Amino acid sequence: MTAGRVDFFCTPGTSFTGTVMLKNPDLTLASLVFWESRMQIRRSYSAGSALIELSSTNGRIQQDIENAKLTLTLSSSETSSLELGDHVYDLEVYSTGASPATVRLIKGTFSVG
C-alpha cells in the first residue's frame, strides 16, 4: 500500500488540530483495535531527528476506535517552538497485537508560518 499525500499547515502560537479518517479499500471503516499511531515532523526525510513527535502514547494523537478516526493535536506552545518553514512528516500505525506490523498511512508537508 502506498501512503497517500496530505499537506498540513499551522500558524505558530496557535493550537493545531488535524483529523484523519481511516478506510479500507472497499470504503468501510478500518479497525484500529490492537493498533497505535505515530507521526514525526522532520526538517527533511533524511534528518537524523524529529522536530516533534505525535503519538497515541504521548497524547498528541487521539484514536477514535469506533469511528476509525485519528485526531492530531499540538498546543499553542508546541507550535510556537517549531521552526518556520516547510517540513515533512509521515503518519503510521503499528500493531500492538501478536503479529507485529507497521503501515504508513499518509505523508506530506507540514508547513509552519
Side-chain angles (χ1 to χ4, degrees):
M1 179 173 133
T2 303
R5 181 173 178 98
V6 176
D7 295 327
F8 291 111
F9 177 83
C10 81
T11 302
T14 63
S15 59
F16 166 80
T17 302
T19 303
V20 178
M21 298 290 297
L22 304 180
K23 294 191 177 184
N24 296 310
D26 66 358
L27 301 181
T28 59
L29 294 179
S31 174
L32 285 170
V33 175
F34 303 117
W35 293 86
E36 296 290 337
S37 52
R38 61 186 170 217
M39 173 179 155
Q40 289 189 337
I41 300 170
R42 297 175 177 260
R43 287 187 185 96
S44 67
Y45 283 114
S46 61
S49 62
L51 296 171
I52 194 165
E53 182 170 351
L54 294 77
S55 72
S56 51
T57 57
N58 71 15
R60 293 184 181 127
I61 299 178
Q62 289 78 45
Q63 295 187 171
D64 179 347
I65 292 174
E66 184 176 318
N67 296 302
K69 180 171 70 170
L70 302 177
T71 303
L72 318 170
T73 59
L74 291 171
S75 69
S76 57
S77 62
E78 290 168 330
T79 64
S80 66
S81 68
L82 292 174
E83 293 180 24
L84 296 177
D86 293 335
H87 310 295
V88 296
Y89 79 92
D90 58 1
L91 173 65
E92 57 188 21
V93 292
Y94 58 98
S95 67
T96 58
S99 300
T102 300
V103 177
R104 192 165 87 161
L105 302 172
I106 58 174
K107 63 181 181 176
T109 302
F110 192 94
S111 298
V112 180

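As the structure is a prediction and not an experimental result, all values here were calculated from the model.
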Is there a path of hydrophobic side-chain contacts, each under 4.5 Å between heavy atoms of I, L, V, M, F, W or Y residues, that connects [X] with [Y]?
X     : Y     : value
Val88 : Leu91 : no
Met39 : Met21 : no
Leu70 : Val33 : yes
Val20 : Val93 : yes

Side chains of [X] and [Y] only: does a donor on one sit below 3.5 Å from an acceptor on the other?
X     : Y      : result
Asp86 : Thr109 : no
Glu92 : Thr102 : no
Thr57 : Ser55  : yes

Strictly under 6.0 Å, is that where the ring centroids of Phe9 and Phe16 end up? no
Derivation and outcome, side-chain contact (heavy atoms from CB on, under 4.5 Å), residues Ile41 and Phe8: CA-CA 11 Å; Ile41 300 170; Phe8 291 111; over 6 Å; no
Looking at [atom1] of [X] and [atom2] of [Y], how far apart are the two atoms once the value is rounded to the nearest 0.5 Å?
X     : Y      : atom1 : atom2 : value
Leu22 : Ile106 : CG    : CD1   : 8.5 Å
Leu29 : Ile65  : CG    : CD1   : 12.5 Å
Leu54 : Tyr89  : CG    : OH    : 11.0 Å
Ile52 : Glu83  : CD1   : CD    : 12.5 Å

Do side-chain atoms of [X] reach the backbone of [Y] as a donor and acceptor pair under 3.5 angstrom?
X     : Y      : value
Asp90 : Lys107 : no
Ser56 : Ser37  : yes
Asn58 : Glu53  : yes
Arg42 : Ala47  : yes
Thr79 : Gly13  : yes
Asp26 : Thr28  : yes

Which heavy-atom pair separates Phe110 from Cys10 by the least distance, and what is that distance? CE2-SG, 3.6 Å
Which atoms form the tightest heavy-atom contact between Pro12 and Gly113, and what is the distance? CD-O, 3.6 Å
Run the numbers on Phe34 and Ser95 for side-chain contact (heavy atoms from CB on, under 4.5 Å), then give the verdict. CA-CA 6 Å; Phe34 303 117; Ser95 67; 5.7 Å; no
Checking side chain to side chain contact (heavy atoms under 4.5 Å, CB included) against Leu74, which of Thr17, Val112, Leu82 comes through? Leu82
Within 45° of the ring axis of Tyr94 and under 6.0 Å from its six-membered ring centre, is that where the NZ or CZ of Arg38 lies? yes
Is there any salt bridge (Lys or Arg N to Asp or Glu O under 4.0 Å) pair reaching into residues 62-78, and which pairs are they, with sequence neighbours excluded? Arg60-Glu78
With heavy-atom distances below 4.5 Å as the criterion, would you say the side chains of Asp7 and Ser111 are in contact? no
